[in-house]
Amino acid sequence: MKDYYEILGVSRDATADDLKKAFRKLAMRYHPDRNPGNKEAEDKFKEINEAYSCLNDSQKRAHYDRFGTSEGMGAGYGPFTTGAGFGDIFEEVFGDFFGNFGGTRRQRPARGSDLRYDLDISLSEAVFGTEKTLDFPKWESCRDCRGNGSAPGKSPETCPSCKGTGSIRFQQGFFSVSRSCSKCQGAGKIITHPCKKCKGMGKIQEQKSISLKIPAGVDTGSRLKISGEGEPGEYGGPYGDLYVILNIESHPFFKREGTEIFCEVPVSFPQAALGTEIEVPTIDGTAAKLKIPPGTQSGKLFTIKGQGAPRVGSHQRGNQIVRIYLEVPTKLTSRQKELLEEFASINGDEVTKSFKEKLKDLFTGVES
Ligand SMILES: [Zn+2]
Ligand SMILES: [Zn+2]
């Protein structure tokens, strides 16, 4: 007959605390994680587990003291036959010491998930900043039951299947293997009196309305974080965060690139040839005057200073870039036609002439 007191190195009148200390010390020394492949340590580890699981149970201890054995204490006893006894003891004594040894520990406060909200805003809202209201359905921790899912005054009960651990252990060779408890879905607790408001879920879906300040200068892909507006945490854990991902809608007239805003403005041939002053729309809704010097070619770029977009956190705006293009009239009055024909007769083929000259230089030696 094994002497459990001797195995643990304690006296016959050892208290529960003495037992726990002794077991902890020995189990740490002989733990298989620390003695890989050591058969002797393995056997010793089994032995101290067996001793502790007997002496730690006052009923079993009394029986053992009286009969010198723990057999006959009813079915299910024995740390390495059901696995349950071992795991319970282990967790009770060690807590977090070995991390997740023997199974997943449940019911730890866990932070809620982050949420993503995609928001479209206009280009001028992006340039000048704006305030938006986000409306969306969102899970909130139930206030009636403070998120635990039980009716007021009631508490969830420890799952009888897994004894609250959330996992069922079984023996596979020497090692204790665990799987998630099917009765409580791994929660370790069972709600016997569900909260009426949330039907035991501990959370309820609410229509949420959040007002959001969008700073000037944001761009497509900009990410705004709203702390604590994500999903509620589990078991009293903190809320996750809400991330608002911005998309700037395309504008029919302006195109933005970083801090620059581009646009294209048409001028007529006489305007381009003689020079003029035109009005160019800007993103803030006003019109900027732009001088077109005589002889301006199609495609020429002009800069209007300070009419672009700022960077987030800066008041200084980039520039607006204006591309001039020549618009050729498609309908001419007979008078216009007359004048153009006259112009052409004087000077009209000068362009094509000089172009031909250029080509000649390029392709000299080639038979035409
Ligand atoms: Zn369970
Ligand atoms: Zn509730």
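Start at 1 and go down the list; that is how both ligands and their atoms are numbered. Note that this is a predicted model, so its numbers are computed, not measured.
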Compute the angle centred on the Zn ion (ligand 1) spanning SG of C181 and SG of C159, and express it rounded to 10 degrees. 120°
Geometric class of the Y5/Y64 ring pair [parallel <30°, tilted 30-60°, perpendicular >60°]: tilted
Is the distance between the ring centroids of Y117 and F136 under 6.0 Å? yes
Would you please indicate if the ring centroids of Y30 and F45 are separated by under 6.0 Å? no
Does a donor on one side chain and an acceptor on the other come within less than 3.5 Å for Y4 and E47? no
Metal site angle (apex the Zn ion (ligand 2)), SG from C198 and SG from C145, 10 degrees: 110°
How wide is the angle at the Zn ion (ligand 2) spanned by C142 SG and C195 SG, rounded to 10 degrees? 110°
